[in-house]
Amino acid sequence: MFALLRRPSNHFHVLPLLRSRLLSSLTVTTTPSPPPPADPATLTSLILTSTDPRTLTQTLHCPTLHWTPQLVDQILKRLWNHAFKALHFFNILSHHPTYTHSLSSFDHAVDLAARLRDYKTVWTLVYRMKSLRLGPSPKTFAIIAERYVSAGKADRAVKIFLSMHEHGCRQTLNSFNTILDVLCKEKKVEKAYNLFKALGGKFKADVVSYNVIANGWCLMKRTNKALEVLKEMVDRGLDPNLTTYNLILKGYFRAGQTEEAWRFFLEMKKRKCEIDVVTYTTVVHGFGVVGEIKRARNVFDGMVKDGVLPSVATYNALIQVLCKKDCVENAILVFEEMLRKGYVPNSTTYNVVIRGLCHAGEMERAMEFMRRMKDDECEPNVQTYNILIRYFCDAGEIEKGLDLFEKMGSGDCLPNLDTYNVLISAMFVRKKSDDLFVAGKLLIEMVDRGFMPRKLTFNRVLDGLLLTGNQGLAKEILRLQSRCGRLPRQFKL
DNA sequence: CTAGGGTTAG
């Protein structure tokens, strides 16, 4: 906590000890000594703590360091929440004397730049892929389209899809379905449906196209619209499949039409359309969220008799709804039951249990489960940290929240946008000058890492700093705000 | 990354 207050610059977050250790390993590389190890964790720390680009380049270009696309991708993944550093790393390797980036690393870089809304860099990367004859691939376009749509530029995304072939990437039914899906997932169903009507004939729309659109309506809780679309499909001579039925089932639950969902489920069973684990998981979850725990359990118990084994996701659904609508103790009983049956819980399982415990005020047991995760080769992820940080702060144990935050910075799980938002809000509860100072530093750090705070966050922090006499930091943040305003920071390639 | 099931808060 106090280390946090004292750290002068953007990297105040990294624990001092770790920092000096890594810096010394950096200087070592300029003299003929052992080569830097090639494991992703060490390399990621090295990139995060380096302060001098030239030394870092030297280190990463070291001939004994054997780069592979897998290694590069692993590092990019680890640096996902530190977008500028990630792109910087990508760029250094772009100039490596012998190594050449793979298509998937390019896609990572495109995704990062697009998330920063730095479209100039996005297109530079696309042209570079093209000149290296690596791509762009349909996946590259899916990434770009998704980012444009989520930045509120749906029309732009459609245009880019329509111009894919100009970049040497053929338009297929698959890519058509992808753009429809991207639009639907961002709740632009009308737009998707218009595109579907205009070009569905040309691309020979199939059951996937119809399912995507129907699911889009379901996401808007417009089950009837979804059913209309499917009627149209049947009229065109295309048969619904299990995915179709499952998405309608989910749609009924989502729209609060629980009894319709149940009748639909019974109909599916009666018609012998070979319902699967997804069907059952949907029903267990659907009943659970409306508090129908008995029915959820009945369905869960019944699936085995029907010859369908639950999956980890099914257990996760049951455990979650028990936490929410029943009690954590019963949820943990199910958790233990799944272990006894030989299932391997994943990070979602743990996160669900941890949230349940936090919600019940059992913070210590929640922490215990986080430690247990590691024994199950299931490292805590950013969601795990966010849950614990949030509940610690809500309970007024802000120091403990900050402790966890610092552990993230030094470990292999970097904080994301949610982490910063949660923590910054928490800095207002005690109305202490020191806390506001931390909030200011966090704000600066998040911008440094490619996350854009909302205007409201800026104003809250500024007000707080001025009220508590932190004029200096307030000034710095004002400059920051005007510098990043609405324009994205551009990355120098 | 051609579609359906588990994580997140008011």
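Here is how names work: the chains are called A, B, and so on, in the same order as the sequence lines, proteins then strands, and each is numbered from 1.
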*When all nucleic acid strands are considered with a 4.0 Å heavy-atom cut-off, which category describes A:Leu180: base, sugar-phosphate, or nothing?*
nothing
_Once you apply a heavy-atom cut-off of 4.0 Å, does A:Ser347 come out as touching a base, just sugar-phosphate, or nothing?_
nothing
*In whole angstroms, how far is the P atom of B:dA3 from the CG atom of A:Leu238?*
18 Å
*asked:* What I want to check is whether the side chains of A:Asn241 and A:Thr244 have a donor and an acceptor closer together than 3.5 Å.
replied: yes
*asked:* Using whole Å, what does the distance between atom P of nucleotide B:dA9 and atom CD1 of A:Ile389 come to?
replied: 16 Å
*Separation of B:dT8 P from A:Asp394 CG (nearest whole Å)*: 14 Å
*Give the rounded distance in Å between these two atoms: CG of A:Asn177 and C1' of B:dA3.*
8 Å
*Go through the N and O atoms of the side chain of A:Thr281 and the base of B:dG5, and report whether any donor-acceptor pair is under 3.5 Å.*
yes
*d(CG, A:Asn174; C1', B:dT2) in whole Å*: 5 Å
*If anything within 90° of 0 is syn and all else is anti, what is B:dG5?*
anti
*Between the side chain of A:Ser105 and the main-chain N/O of A:His101, is any donor-acceptor distance below 3.5 Å?*
no
*Look at the side chain of A:Arg254 and decide which nucleotide, out of B:dT2, B:dG5, B:dC1, has an atom nearest to it.*
B:dG5
*With a 4.0 Å cut-off on heavy atoms, is A:Leu242 in touch with a base, just the backbone sugar-phosphate, or nothing at all?*
base
*Could you go through the salt bridge (Lys or Arg N to Asp or Glu O under 4.0 Å) check for A:Asp73 and A:Lys77 one step at a time?*
CA-CA 6 Å; A:Asp73 285 351; A:Lys77 233 183 213 153; over 6 Å; no
*Taking only N and O in the side chain of A:His285, is any of them less than 4.0 Å away from OP1 or OP2 of B:dG5?*
no
_Nucleotide of B:dC1, B:dT2, B:dG6 approaching A:Asp206 most closely (side-chain heavy atoms)_ = B:dT2
*Verify the contact: side-chain N or O of A:Lys250 to OP1 or OP2 of B:dG6, cut-off strictly under 4.0 Å; return yes or no.*
yes
_Counting the atoms with a prime plus P, OP1 and OP2 as sugar-phosphate, which does A:Asp276 contact under 4.0 Å by heavy atoms, base, sugar-phosphate, or nothing?_
base
_Taking the minimum atom-to-atom distance to the side chain of A:Glu146, which one of B:dC1, B:dG5, B:dG6 wins?_
B:dC1
*Step-by-step side-chain contact (heavy atoms from CB on, under 4.5 Å) determination, A:His108 to A:Asp111*: CA-CA 5 Å; A:His108 270 294; A:Asp111 207 354; 5.6 Å; no
*Atom pair distance, as rounded to whole Å: CG in A:Leu388 and P in B:dT8*: 13 Å
_Exercise: identify the closest heavy-atom pair between A:Cys323 and A:Val352_ = SG-O, 3.9 Å
*Counting distance only, does the side-chain N/O of A:Ser94 pair as donor-acceptor with the main-chain N or O of A:Phe90 below 3.5 Å?*
yes
*So what does A:Ser311 hit on the nucleic acid, given a heavy-atom distance under 4.0 Å: a base, only sugar-phosphate, or nothing?*
base
*What nucleotide among B:dG5, B:dC1, B:dA3 has an atom nearest to a side-chain atom of A:Thr282?*
B:dG5
_Value in whole Å for how far the C1' atom of B:dT7 lies from CE of A:Met373_ = 11 Å
*If the P atom of B:dG5 is compared with that of B:dC1, how far apart are they to the nearest Å?*
13 Å
*Remember a base hit wins even if backbone is also touched, and classify A:Thr348 as base, sugar-phosphate or nothing at under 4.0 Å, heavy atoms.*
base
*asked:* Whether the A:Glu445 and A:Tyr420 side chains hold a donor-acceptor pair (N or O, under 3.5 Å, no angle test) is what I'd like checked.
replied: yes
_Taking any heavy-atom pair under 4.0 Å as a contact, classify A:Gln320: base, sugar-phosphate, or nothing._
sugar-phosphate
*asked:* Using a 4.0 Å heavy-atom cut-off, does A:Asp107 contact any base of the nucleic acid, only the sugar-phosphate backbone, or nothing at all?
replied: nothing
*Please work out if A:Lys139 contacts a base, only the sugar-phosphate, or nothing of the nucleic acid, heavy-atom cut-off 4.0 Å.*
base
*Select base, sugar-phosphate, or nothing to describe what A:Val277 touches, counting heavy atoms under 4.0 Å on all strands.*
base
*With respect to the phosphate group of B:dT2, does any side-chain polar atom (N or O) of A:Lys185 fall under 4.0 Å of OP1 or OP2?*
no
*Would you tell me if any nitrogen or oxygen in the side chain of A:Arg355 comes within less than 4.0 Å of OP1 or OP2 on B:dT8?*
yes
*Could you state the atom-to-atom distance from OH of A:Tyr391 to C1' of B:dT7 in whole Å?*
11 Å
*Quick one: the side chain of A:Asp418 and the base of B:dA9, do they pair up donor-acceptor inside 3.5 Å?*
no
